[in-house]
Each structure stands twice: as C-alpha cells, then as structure tokens.
There are 2 protein chains.
Amino acid sequence: MSAQQQPSPEHFFDTANAYQRSAALKAAVELDIFTAVAEGNTDAPSIAAACGASERGARILCDYLVVIGFLTKEGGRYGLTQDSAFFLDRRSPAYMGSALDFLLSPTLMAGFEDLATAVRKGGSQSPGGGTVAPENPVWVKFARAMAPMMMPAAQEIARLVGGDAGRKLKVLDIAAGHGVFGITLAQQNPAAEVVALDWPAVLEVARENAERAGVAGRYSVIEGSAFEAEFGTDYDVVLLTNFLHHFDPPTCEQLLRKVRAALADGGVAVTLEFVPDEDRVTPPIPAAFSLVMLAGTPGGDAYTYPELERVFTNAGFSGNERHPLTGAPQTIIVSHR
Amino acid sequence: MSAQQQPSPEHFFDTANAYQRSAALKAAVELDIFTAVAEGNTDAPSIAAACGASERGARILCDYLVVIGFLTKEGGRYGLTQDSAFFLDRRSPAYMGSALDFLLSPTLMAGFEDLATAVRKGGSQSPGGGTVAPENPVWVKFARAMAPMMMPAAQEIARLVGGDAGRKLKVLDIAAGHGVFGITLAQQNPAAEVVALDWPAVLEVARENAERAGVAGRYSVIEGSAFEAEFGTDYDVVLLTNFLHHFDPPTCEQLLRKVRAALADGGVAVTLEFVPDEDRVTPPIPAAFSLVMLAGTPGGDAYTYPELERVFTNAGFSGNERHPLTGAPQTIIVSHR
C-alpha cells in the first residue's frame, strides 16, 4: 500500500476558477443576500423576492455561497455563518461589505490582468507607478470603503499608544485614508490632537469621518505626499498604517528618517502591516499579500519582522516591539525614537 | 468557555482576493515555473533565470504558489507537490496547463464580470445566449485546451462501453470538441467507427487529434448544431459529454428523444456531467459548477442524479446507471435505450 494519493486535477480546477469566488461574494454583497437571510428569508423564492433577483439566480448563488463557506444550508433552508452575520449583514455595526469597492476596484484588479509580465519585470506594469502614483483616485475608494475592516486594528493602536485620557498627545497620521486610526485615538483621548496627511481628495473623507466622530475640533490636515510634505515636529505618535509595504526598503528608510526627525523625545512610530514569518509562506494572508505589492507597485513587499526592524534601526530608531492582532491578519509594530 | 470563535474577517478578505489565485496560477503556467522547478531550479534566482523573470517576481510568485498549495518550500528551496509534478510539468504526459486557455478565456470570465445582473435575470447576460451561442469560438479554445483534463473520463468511458476489441461499434460523439472521447473508444476497439458532431471550426481540432491518434480512417464528422443536424441511425453508443448542463430540462429532454431515436436496439447514451448531491452544495466542485452555468448560459445547470434520471425517463430511456469517476470530479451516466 502506498501513502501516495492518486493525482487529482481538483485543486488545479478549483484554483483556475477561484476568480468566481470573488465574483460571487461581490454579487451577494451587491444584492444584499446576507441581510435578506438575516431578516428571515431562508429559501430561494423569498431571498429572490427580498433581493430583486430571479429564483434560479438566488438558488444557484446561495448554493455557491454555501460551497465557499458564507452561508449554511440545512433541510433546504439557508442560514448565515457566524462571520457572515457579524460582517455581512448590513445592519451589523461591523458590516464590511463596502470593502469590496476597494478590494475589487478595477485599479487593484488591473494589476493581476497580466501578472506574468509583472513577474518578468519585477513590479507593477501600471503606468506611473501603479497604486502609488500621485493622487491615484483608488485611495479615495480606499478611504470610503476600508474603515470598517480597520476598526479592530484602530482600537488596538489606541489602546497601545493613546496615552492616559486627558494627557496631551500630538499625533501625525501619515496616509490617513479614512482617518480611523487617528480618529479612534482622538476619541479615546480627549486631549489628543491629530494631524492627518494624505492627498487632498482623500482628506475630504477623513475630515467627514472626524466630523461624524465629533473630533473635528482637534483634527487638522496636511495635503500632499508623505515624501514631500513638511510634517512639523514634536509628535508623540506618528501612525504608518498600511503604508510601508508600498515601497522598497531604501525608500522606507528614507521616510523613516524623516518620521524620526518629526518625533518628540519619547515619541513612537506605530506601523500596521501584513508581516509574514521569515519563511515568507506563513501565515497565509500576510504571506499572500506580497503578490498584491508585486502586481500593484514598482517595489513594495510584505516585509518580515527582521526586515522591518532593519529599516527602523537603519533610520535611527532605538528599538521596536511587535503586537500581532487577534481577529485580524495584521501586526502592529511600535518603534521608539 | 464558549465554543464560539471570535469573528474574523480573514475568510472574507481571502475570498475577495480569490481572483488573485487564478491570476497567479495563470502566470505560473505562462512562465512555465513548474517545469523550471521540475528541471532542478529550486531557488528564486535560478527559477528567474530559467523562466526569463525578475528575481523579485519569481520569489514573490513562488512564495504565493506555496501559500496556495502548488509548490512546497523547505529550507528556502522550492519543490513540486505531487499534483503539480503530474499535471503542471510540461514534460508530463498528463500536463494540463493548457486548460487555462479555456478556463480563463475572456469569454468564460466575462460571465462573471457582472454576476449580480445574471442573478437578477436568472441567466447569462452575454448577447446571443452566452457560451451556447451558435459557433461561439470559445469551443475551438475548449477543443484545443481541454483534452488532457478529459483523459481519465475518456478512458473510463471506453472501458465501460467500448465493447470487445474487434466487435463492430458505431459511435456518435455529440459536441465532440477535441474528440478525445470518441477517439479513445476508437483506439481501444479497432472495429469502432466514430461520427463526431460539432461546429465546423471545432471539428478541425477533432480531426487533427483523430489523425494523430491513428484512427482517422474510422472517423467521420457531421457539421452543425446537435439540435438541428441529422444524426443518422443505428448507433451503439451516443456520447453526451459536458453537454446537457448547458440547457434547461425541457431542452435536454427534446435532445434526448432525438438521441434515443438514433440508437440501435441495445444502444446506450453515455453522459459525462458534474453531478452534485441532492442538497446541491456537495461535493464542492460539482456543486460550484452550477454558478458557471448561471453566468454563462440562459438556462443551464449542474443537475442532480434524480434530475438527470427524470429527463432520460421522460425521453423514453428504459434505465440508467451512474459511475462516479475516481481522480476527477465528474460522473458518467450510462442510459439504456
């Protein structure tokens, strides 16, 4: 008896068709299937009626959502998984269906249309530097779409470096996007003042969010590129969330020198990143993220922790601590001036 | 202690990005990464050199292929999985990388670009009936690309209904495509005569394959649509491989009446299909196939075995037997006149 299994083309076939999973999830969110099921529509005819869909379409899509783990099916009735109820019912405070507007935006997907060419060249084929091109409008989409997905990380960052409520805290939020990292800090510490830096069109979104969160009075902005704008000085905290992965190590180092110069004594830089293990193939989500950077940027990457330590050390920082998130595939790194 | 896990956005994020798996597999096949590894190139620099790729691109793509289960990585060296060695090394007789030319063809992928609309309407949005439009050139791609993936099924069909070598056998291969089902029968039984039916451009591929297999002398063709062409009579075997799923049950029934009329006494129709269980959500590959039919056809589906029995019975067939394949996610159904 051999321990070898018979070769099977199933994984090849399943992976070739994997793009259909993205499309099915997108269709389900567009049609609001998960909210319909949450509201008690549990068979194809009633889901179809609630979502303005055909019965055949609702039945086939819902069965597919069971196959890929977003719905359950028992005795012919569909139900939500725990995660779908939490993240995909539009009435849930943690709803993150909107994240697909960014994750499946034509800009991001374009990088994968001819991935072989990106592999040949070693970086994005998109004109002007891919997603890191100046004022790329995809970052407005990012700002509008990705806030819910970032809440667990924002809360953990506020807990780690938000300081005691009432203690003055000067915060610079680089590439602020939706702004939730700085805004969450400002909500937790009523003495915190936040300066958000990003492209002007993106800052409109951050400003709206600051207004809605009631912290607009302690929220100001710097328009422009993190590499060119004047940061100011004496910051207690500089936030670098989902940013360093877009650039090669020398570019990161150059930016980090500038960040360090803007920090007050005792100040910290807070980095949020996908950090794969040193084997670069685990855990799956951080390790897989490297391909997004190959497809979308000229020189970005998902850096291991030793690689991140190196760029911070080279830029003059005195030490780093890492804090892996629970419930999200990212890691927070706190780096001391 | 609760048995509930903390909600995690990981499955949502991973599924949103699933299209990247298809793109990575396509790039790897285009660059012939698997053959390069099989030939002894096991680190990023040597794979890059062998494939005409950048080192950064090769490293990131290969790491991603480890994450999604197509390569192994031990001590920084890449290796092939058992399935990759069997199916994706270009020198393997079972090489099926070419299947991506069909599976990831713009025609098939177009059906998933606006899947929500297909769910609303209940069928393909493509003009003229999607993949079942007359003479759709995607079937030439299918014929050129999919033969290797069909070999296990072709061999099993030949074993089941090929008859004793030397016993005369008249075979009609409907929607023959690459022709391998009929050709494999003809190779096994030197007294078998095969008539292949398909669009003219597709039959050129089948004829080439028959020539190469040395059975061209017993291979003739009928050009046109299975619904309109004259089949002739007295067939011992009519092959219906990967065909019925494109149509709704009344259309299948109408075709099967015509098939039955073309069979000799004691003749059989042989169907190859993705057959999900009656719950329609298992096994994953046959169950998921239903969505491909929603996206690509006006009324097709992946039918359960009772549904297939019903259309055959309604068309006058006297009985059916099913033979699930091992090593492929499809089922063979033999239906007696």
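Letters A, B, ... are given to chains in the order of the sequence lines, protein chains preceding strands, and every chain is numbered from 1.
- Using a 4.5 Å cut-off between heavy atoms, A:Ala288 touches chain B through backbone and side chain atoms alike.
- Only the side chain of B:Phe86 comes within contact range of chain A, with heavy atoms under 4.5 Å apart.
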**Q.** Audit row: A:Leu25, B:Phe12, side chain to side chain contact (heavy atoms under 4.5 Å, CB included) steps and yes/no
**A.** CA-CA 8 Å; A:Leu25 183 58; B:Phe12 171 79; 3.8 Å; yes

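- Neither the backbone nor the side chain of B:Ala302 comes within contact range of chain A; no heavy atom of the residue lies under 4.5 Å from a heavy atom of that chain.
- You'll find the side chain of A:Leu104 reaches within 4.5 Å of the side chain of B:Tyr19, heavy atoms only.
- Taking a cutoff of 4.0 Å between a charged side-chain nitrogen and a carboxylate oxygen, A:Arg59 and B:Asp301 qualify as a salt bridge.
- Looking at B:Lys73, its side chain does come within 3.5 Å of a backbone N or O of A:Asp279 through a donor-acceptor pair.
- Interface check for chain A: of the options B:Gly69, B:Pro7, B:Ala53, the most heavy-atom pairs under 4.5 Å are formed by B:Pro7.
- Checked by atom type and distance alone, the side chain of A:His11 never pairs as donor or acceptor with a backbone atom of B:Ser84 at under 3.5 Å.
- The one candidate from B:Met150, B:Met96, B:Met151 that meets the side-chain contact (heavy atoms from CB on, under 4.5 Å) condition with A:Pro9 is B:Met96.
- Contact annotation for B:Thr282: neither backbone nor side-chain heavy atoms come within less than 4.5 Å of a heavy atom of chain A.
- Closest heavy-atom contact between A:Glu30 and B:Ala116: OE1-CB, 3.3 Å.
- For B:Phe87, the part sitting under 4.5 Å from any heavy atom of chain A is the side chain, from C-beta outward, and nothing else.
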Q: Report the C-alpha separation of B:Phe13 and A:Phe274 in whole Å, then their side-chain angles, then the decisive distance to 0.1 Å, and conclude whether the ring-ring contact (aromatic ring centres under 6.0 Å, His included) test is met.
A: CA-CA 13 Å; B:Phe13 188 74; A:Phe274 290 101; 5.8 Å; yes

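- Between A:Tyr64 and B:Ser290, every side-chain heavy-atom pair lies at or beyond the 4.5 Å cut-off.
- Looking at B:Leu65, neither its backbone nor its side chain comes within 4.5 Å of chain A, counting heavy atoms on both sides.
- Using a distance-only test at 3.5 Å, with no hydrogens or angles considered, no donor-acceptor pair links the side chain of A:Lys121 to the main chain of B:Ser54.
- Contact count against chain A (heavy-atom pairs under 4.5 Å) is highest for B:Gly299 among B:Gly299, B:Ala28, B:Ala328.
- Interface remark: B:Leu291 contributes backbone and side-chain atoms alike to the contact with chain A (heavy atom separation under 4.5 Å).
- Note on B:Thr15, B:Asp14, B:Val292: by heavy-atom pairs under 4.5 Å with chain A, the leading option is B:Thr15.
- Residue A:Ala85 does not touch chain B at all, counting heavy-atom pairs closer than 4.5 Å.
- Counting only heavy atoms from C-beta outward, the side chains of B:Lys26 and A:Leu115 never approach each other to under 4.5 Å.
- For B:Asp63, the parts lying under 4.5 angstrom from a heavy atom of chain A are both the backbone and the side chain.
- Scanning all heavy atoms of the two residues, the minimum distance from A:Ala287 to B:Val67 falls at CB-CG2, 3.7 Å.
- Within the 4.5 angstrom heavy-atom criterion, no atom of B:Glu55 approaches chain A.
- Shown here for B:Ala18 and A:Arg21, the closest heavy-atom pair between the two residues is CB-CB, 3.8 Å.
- Of the possible donor and acceptor atoms, one in the side chain of B:Ser22 sits under 3.5 Å from a partner among the backbone N and O of A:Ala16.
- For the options A:Leu108, A:Ile33, A:Thr81, A:Ile285, heavy-atom pairs under 4.5 Å to chain B are most numerous at A:Ile285.
- In this structure, the side chain of A:Arg56 engages the main chain of B:Gly122 through a donor-acceptor pair within 3.5 Å.
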